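What follows is a single structure, written as structure tokens, with notes after it.
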Amino acid sequence: MDVIGIEKAVASRLGCSGGLAGGGWRTLVLLVVAIVTSAAALFASFSSSSGRVSLWFSVPFPALSSYGDVGSNSSTSWPTPPLSHVPPPLARPLLPLGPSSSPVAAAPPSPSPTASFVASKVLLHTFLRGLNTPPSPAHSPPPDTGGPATPSPTEPVNNTINEAVTINPPSSTSEISNAAEVKVPTSLRETDLQLIQAKREIADAPMISNDSVLYPPLFLNFSVFKRSYELMETILKVYVYQDGNRPLCHTPVLGGIYASEGWFMKLMQENQQFVVKDPEKAHLFYLPYSSLQLRTHLYVPDSHSLQPISIFLRDYVNSISAKYPFWNRTKGADHFLVACHDWAPYTTKLHNELRENTIKAVCNADASEGIFVPGRDVSLAETHIRTPKRPDSDIGGRPASERSILAFFAGQMHGRVRPILVGQWGGRDEDMRIYEALPADIARKMSYAEHMRSSKYCVCPMGYEVNSPRIVEAIHYECVPVIIADNFVLPFQEVLDWSAFSVVVAEKDIPRLKEILLGIGEERYMTMQMNVKRLQKHFVWHGRPRKYDLFHMILHSIWYNRLTQIPVQ
Ligand SMILES: *[C@@H]1O[C@H](CO)[C@@H](O)[C@H](O)[C@H]1NC(C)=O
Ligand SMILES: *[C@@H]1O[C@H](CO)[C@@H](O)[C@H](O)[C@H]1NC(C)=O
Ligand SMILES: *[C@@H]1O[C@H](CO)[C@@H](O)[C@H](O)[C@H]1NC(C)=O
Ligand SMILES: *[C@@H]1O[C@H](CO)[C@@H](O)[C@H](O)[C@H]1NC(C)=O
Ligand SMILES: *[C@@H]1O[C@H](CO)[C@@H](O)[C@H](O)[C@H]1NC(C)=O
């Protein structure tokens with residue numbers, strides 16, 4: 001429900017929505033709404049223990065919103081998850097705005113009449129918003145495995161079992177219990193002000209159209225990315241919880257197809273630039289667990305149940321929120337996790353605040369399931385690391401002129417898309433090298449990797465889940481990725497312009513795949529292929545992180561989305 005929706009709801013509660021027409025009546029209704037909402041604001045401020053006015057803002061910031069597909073228009077324009085009762089992310093109170101005792105410059109201006117009117121509408125929204133725990137779609141999510149030389153798939157799990165236990169149930173959906181939510185923090189901390197300031201500066205980013213290191217056409221809005229990245233480097237501080245036992249926490253796995261979470265964990269835990277020991281200085285809080293370790297150590301083979309993993313995460317977060325004041329300040333909205341196993345999103349479901357507020361950097365970035373929310377969560381690039389000692393090895397491919405194969409795919413028949421792809425194109429067409437598994441006689445002459453180095457387009461269909469390590473593989477081999485995975489939120493789509501270096505094909509268009517690829521002119525192909533090479537550095541792990549590499553891009557998207565989520569007036 002948006003602000004207009006609330007007006008309607010209030011109007012209908014007052015019994016004057018039906019049968020009324022004409023400007024006079026409309027003004028009267030708006031007046032009544034204004035009085036009611038202002039009264040609600042007054043009630044909240046007086047009932048706050050400190051006596052300070054504490055208004056919650058939830059207004060998207062126009063300048064940042066105007067770019068990209070993140071946060072555009074209003075909260076109503078967010079991709080709608082299938083669960084219509086999941087509240088839109090921007091309509092959630094995250095940060096209080098109000099007179100601050102903190103002696104920091106650039107404090108927000110005191111609320112104007114309009115601002116407090118908007119604020120009181122938002123407040124009313126909070127009053128009206130139910131706290132129902134949405135049921136989740138029932139389906140079984142086994143993990144994707146990457147190229148042909150990948151670990152064997154795990155059995156499908158019974159994801160519905162998660163719903164059998166509902167912890168953190170809403171105590172009540174009454175307006176009073178929601179009013180309590182309004183009161184939590186009462187003043188802005190210095191770190192909040194720094195974020196607000198950063199958000200303003202990004203919105204006012206100076207126009208830049210060239211750069212000696214970065215290639216601007218790869219970005220949706222290069223000026224914004226550049227400014228945001230610079231501010232991240234100068235401002236951002238992250239606190240890494242030391243809580244949690246090994247190997248479930250603090251123990252990265254650096255090889256295989258889930259290695260992205262491991263590399264991020266390793267590099268974050270070693271990091272000196274962003275990590276702070278004093279959590280009071282932190283803008284973001286990292287939950288350093290490994291979704292792969294949870295799967296290895298807590299999943300009961302053949303049980304088809306995610307419950308032990310979900311219970312672990314629920315208890316982990318509850319212990320952190322009981323022991324420290326940080327979680328409760330934002331109800332987890334400034335906390336983040338980085339998890340690449342396919343099950344990672346589903347295993348957050350037993351803790352409402354973890355599920356609904358925390359920034360989730362996950363490989364399984366499926367916008368259709370009601371868990372991953374674009375703009376809040378981060379699509380974590382899945383990387384298949386074969387040599388953990390040198391994660392940046394085996395990069396490069398043939399120049400465009402030496403790529404003789406039009407399109408290539410070989411892999412296991414996981415999920416809904418691949419059987420259709422192979423059924424349509426397998427063994428039919430010399431230009432379309434689409435295989436279920438690379439036949440031994442062909443593999444002997446030309447390896448999987450050599451196929452990717454020698455093809456114009458590398459087809460990256462979803463597996464059991466939307467994500468696939470092939471996309472980054474294609475980028476490393478300088479092959480233009482062709483992504484077939486409806487609802488997949490592409491990595492770093494907050495900042496990158498994927499149309500500059502990839503082709504996204506709808507699942508229904510698989511029969512037209514060749515026609516679509518042939519329809520891309522030679523010149524455009526050459527540009528895309530050059531762009532893939534220029535993009536490479538953003539998708540590579542290094543033993544020691546380098547500027548703009550994959551580690552920094554992931555951290556940047558988490559930082560950027562946190563800024564997107566905080567309200568600024
Ligand atoms: C914003 O969203 C509303 C409702 O979805 C729509 O009617 C309106 O055209 C959108 N405005 C813009 C500028 O996209
Ligand atoms: C999954 O688990 C639930 C609850 O235990 C059960 O009712 C349901 O039949 C199971 N579904 C499958 C497909 O096994
Ligand atoms: C990029 O963002 C800046 C700052 O919000 C804005 O002024 C500029 O118009 C945007 N540029 C493009 C090309 O959208
Ligand atoms: C960017 O372009 C301007 C003018 O076109 C030029 O003066 C400047 O040196 C260029 N900067 C870089 C980093 O290439
Ligand atoms: C945070 O909130 C939870 C649930 O409301 C509560 O159990 C916990 O004690 C709180 N933590 C702190 C540090 O006050």
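None of these values were measured; they are calculated from a predicted model. Just follow the structure's listing: the first ligand is 1, and inside any ligand the first atom is 1.
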Open item on the list: Does either side chain, that of Arg355 or that of Asn352, offer a donor lying less than 3.5 Å from an acceptor on the other one?
Closed with: no
Task: Asn318, Asn328, Ile320: member with heavy atom nearest to atom 2 (O) of ligand 5 - done: Asn328
TODO: May I ask you to check if ligand 3 and Asp204 share an N or O to N or O distance below 3.5 Å?
DONE: no
Task: Centroid separation Phe274 to Tyr286 less than 6.0 Å - done: no
- [ ] Taking the six-membered ring for Trp and the full ring for Phe, Tyr or His, determine whether the centres of Phe539 and Phe492 are under 6.0 Å apart.
- [x] yes
TODO: Return yes when Tyr324 approaches ligand 5 closer than 4.0 angstrom through a heavy atom, no otherwise.
DONE: yes
Open item on the list: So for Ala203, does at least one of its heavy atoms come nearer than 4.0 angstrom to any atom of ligand 3?
Closed with: yes
Task: Nearest non-hydrogen protein atom, atom 9 (O) of ligand 5 - done: Ala322 CA, 4.3 Å
Task: From Trp559, Tyr560, Phe219, residue fulfilling ring pair (Phe, Tyr, Trp, His ring centres under 6.0 Å) relative to Phe225 - done: Phe219
Task: Derivation and outcome, salt bridge (charged side-chain N to carboxylate O under 4.0 Å, His left out), residues Glu280 and Arg329 - done: CA-CA 12 Å; Glu280 291 296 344; Arg329 279 195 313 219; 3.5 Å; yes
Task: Sub-4.0 Å atoms of ligand 3 with respect to non-hydrogen atoms of Val224 - done: 1 (C), 2 (O), 4 (C)
Task: Protein contact for atom 4 (C) of ligand 5 (heavy atom, distance under 4.0 Å) - done: no
Task: Proximity of Phe312 and Tyr289 rings by center, below 6.0 Å - done: no
Task: Any protein heavy atom < 4.0 Å from atom 11 (N) of ligand 5 - done: yes
